[in-house]
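Letters A, B, ... are given to chains in the order of the sequence lines, protein chains preceding strands, and every chain is numbered from 1.
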Protein chains: 2
Amino acid sequence: MNEYLTTFDDHLDGRYGQIGTAERANFEIKAKAFAIGEIIRDARKEARMTQEQLAERTGTKKSFISRIENGRSDIQLSTLYKLLEIGLGKRVNLTIG
Amino acid sequence: MNEYLTTFDDHLDGRYGQIGTAERANFEIKAKAFAIGEIIRDARKEARMTQEQLAERTGTKKSFISRIENGRSDIQLSTLYKLLEIGLGKRVNLTIG
DNA sequence: TTTTTTGTTCCATTATTAGTTAACTTTGAG
DNA sequence: CTCAAAGTTAACTAATAATGGAACAAAAAA
């Protein structure tokens with residue numbers, strides 16, 4: 001079971017200028033959300049599946065999978081569940097600490 | 001720490017007619033995604049915060065919080081992080097089993 | 001009960017994801 | 001190298017989340 005405990009800074013490169021804390025927080029939140037792609041790709045590789053196979057199992061296209069895996073989409077919760085649970089047979093466990 | 005391990009059926013009422021398995025799976029995924037509202041409301045109550053306070057801390061409006069808590073929105077991942085981590089100071093822990 | 005606070009719902013607008021196709025690039029086998 | 005499989009990207013439409021405001025309802029306080 002892979003664990004993905006992340007801090008905001010995991011997904012930043014430290015190169016922003018003079019922005020407010022609210023704006024920075026928003027940027028960091030987006031970066032964290034986009035990082036889900038890496039997790040999905042890892043899970044797909046682990047399942048030894050191609051993007052096309054995952055797409056077919058979830059009723060979508062490989063281009064859509066690629067976009068997500070490359071961190072270009074802030075996906076909806078239903079998409080997260082669909083890809084990981086239906087597509088890859090994983091169990092998504094969400095805990096609030 | 002509250003744990004929200006859910007099965008699809010937790011969020012269904014069992015009253016659907018003759019629909020295919022793909023359609024049913026899709027419906028269940030949606031239901032599961034919508035169920036995040038309950039989790040957010042629990043966390044907010046635990047933090048003794050009003051919807052308006054949570055809205056203010058996350059740069060949004062109480063009407064938006066209400067809609068989510070009542071399971072009327074399939075929110076994006078960034079919204080999940082924004083409300084729980086920035087708004088409520090919780091830690092969202094996502095594990096893939 | 002009256003007033004205030006908190007929460008819900010509706011409407012309209014904007015922004016972005018979901019979904020798709022096609023062309024292109026990269027990778028891996030043979 | 002050549003070919004095929006796998007992955008990436010751009011462009012586009014449709015669906016829907018995000019947002020804001022206002023009116024209303026419910027709950028809590030005075």
J.: Same cluster for A/Ile86 and A/Leu84 if Ile/Leu/Val/Met/Phe/Trp/Tyr side chains link at under 4.5 Å?
T.: yes

J.: Can you tell me the distance, in whole Å, between the CG atom of A/Leu54 and the P atom of C/dA18?
T.: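 My rounded result for the distance is 13 Å.
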
J.: Could you tell me which residues satisfy side-chain hydrogen bond (donor to acceptor under 3.5 Å, both in side chains) with A/Ser66, sequence neighbours excluded, listed by chain and number?
T.: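 Per chain and number, A/Ser66 pairs via side-chain hydrogen bond (donor to acceptor under 3.5 Å, both in side chains) with A/Asn70.
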
J.: How close do B/Ile29 and A/Ser78 get, counting heavy atoms only, and between which atoms?
T.: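 Minimum heavy-atom separation between B/Ile29 and A/Ser78: CG2-O, 3.2 Å.
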
J.: Using salt bridge (charged side-chain N to carboxylate O under 4.0 Å, His left out) as the criterion, list what pairs up with B/Arg44, not counting sequence neighbours.
T.: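 With sequence neighbours excluded, B/Arg44 shows a salt bridge (charged side-chain N to carboxylate O under 4.0 Å, His left out) to B/Glu69, given in chain and number order.
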
J.: For a quick test of reading the model, state the closest non-hydrogen atom pair linking A/Ile40 to A/Leu88 and the distance between them.
T.: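 Heavy-atom minimum between the residues: O-CD1, 4.1 Å.
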
J.: Checking A/Glu52 now: which residues fulfil side-chain contact (heavy atoms from CB on, under 4.5 Å) with it, not counting sequence neighbours?
T.: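 Checked A/Glu52 against side-chain contact (heavy atoms from CB on, under 4.5 Å); matches are A/Thr50, A/Lys62.
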
J.: Polar atom pairs between nucleotides 28-30 of chain C and protein, under 3.5 Å, N or O only, would you list them?
T.:
none

J.: Which residues pass the side-chain contact (heavy atoms from CB on, under 4.5 Å) test with B/Thr60, sequence neighbours left out?
T.: B/Ala55, B/Thr58, B/Phe64, B/Ile65

J.: If a protein heavy atom is under 4.0 Å from the base, mark B; if only from the sugar-phosphate, S; if neither, -; do that for nucleotides 3-22 of chain D going 5' to 3'.
T.: ---SBBB-B-----SBBBBB

J.: Between B/Glu28 and B/Lys32, is the salt bridge (Lys or Arg N to Asp or Glu O under 4.0 Å) condition met? List the steps.
T.: CA-CA 6 Å; B/Glu28 291 172 350; B/Lys32 185 170 180 177; over 6 Å; no

J.: Hey, what bend do you get for the helix from C/dT1-D/dA30 to C/dG30-D/dC1 if you fit axes on five pairs at each end, rounded to 10°?
T.: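 Roughly 60°, once rounded to the nearest ten degrees.
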
J.: Identify, with sequence neighbours excluded, every residue that meets salt bridge (charged side-chain N to carboxylate O under 4.0 Å, His left out) alongside B/Lys90.
T.: B/Glu46

J.: What residues form a salt bridge (charged side-chain N to carboxylate O under 4.0 Å, His left out) with B/Lys30, not counting sequence neighbours?
T.: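 Checked B/Lys30 against salt bridge (charged side-chain N to carboxylate O under 4.0 Å, His left out); matches are B/Asp74.
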
